[in-house]
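Below is one structure, written out as structure tokens, with a few remarks after it.
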Amino acid sequence: MSDHKQQQPTPRRGKVLEALARAERKLFTRPAPKSAKARMKFLRTREGGSTAAVAERLGTSRRTVERYLAGKLRTPQKRLQAALVEETAYFGFTCTGSSDDGRERYITTDISPTYVKQILDLQVADATEEDLHPIVAEAITESYFTEWGTRADGLRADFTSVSSISFRF
């Protein structure tokens, strides 16, 4: 049996909490990488150069990570591909009050200082990922979807999944 089938992904810190930590360190400034090799390099950088930490995060072997980094492997199996996408690229919402179908979105938007304070207060209070989702969704709904109340009155957006998120202060 291959390493891909034997190992299961380990639980990891929530995406919103990770994003807050990245924002504090001002590390996340470029778009998510596309190829498996580029995604592995991105994750290795985020893990301080540790291929073992990347392997643990993805639920695969260290040697598999090294093979992708060396370019010996190029096309990940479905489970590994899903883990790579989840760890580096996806941010999803569903919407109610709109004919706009829920879909993957890459969003860059300023949020109100009121929401920033609420998010940071929750982080300091050791909030869970699930505690942060509603406030982040509300902040993004206000600034991005309804443009500060100038359109889409009554729209509400909820997180369905978060794979990559960054904050800039």
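A quick note: this is a predicted structure, and the numbers were derived from the prediction, not measured. Just so it is clear, the values below take in all heavy atoms, side chains as well, and ignore hydrogens, waters and symmetry mates.
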[X] side chain vs [Y] backbone, donor-acceptor pair below 3.5 Å:
X      : Y      : result
Ser143 : Ala139 : yes
Arg67  : Arg62  : no
Asp131 : Thr128 : yes

Over all atoms of both residues, closest heavy-atom pair of [X] and [Y]:
X      : Y      : value
Tyr68  : Pro76  : OH-CA, 2.8 Å
Arg74  : Ala36  : O-CB, 3.7 Å
Ile119 : Leu132 : O-CD2, 3.9 Å

Side chain to side chain, [X] and [Y], heavy atoms closer than 4.5 Å:
X      : Y      : value
Arg63  : Thr51  : no
Thr60  : Val54  : no
Val124 : Leu120 : no

What is the distance from atom [atom1] of [X] to atom [atom2] of [Y], rounded to the nearest 0.5 Å?
X      : Y      : atom1 : atom2 : result
Lys117 : Ser112 : NZ    : OG    : 12.0 Å
Gln118 : Ile135 : CD    : CD1   : 3.5 Å
Leu73  : Glu66  : CG    : CD    : 11.5 Å
Ile111 : Glu142 : CD1   : CD    : 9.0 Å
Lys37  : Leu84  : NZ    : CG    : 14.0 Å

*Should Arg39 and Glu87 be marked as a salt bridge (Lys or Arg N to Asp or Glu O under 4.0 Å) after you check the CA-CA gap, both sets of side-chain angles, and the distance that decides it?*
CA-CA 9 Å; Arg39 287 178 176 186; Glu87 290 296 329; over 6 Å; no

*Derivation of the side-chain contact (heavy atoms from CB on, under 4.5 Å) call for Arg46 and Arg57*: CA-CA 11 Å; Arg46 294 300 178 257; Arg57 191 169 173 174; 4.3 Å; yes

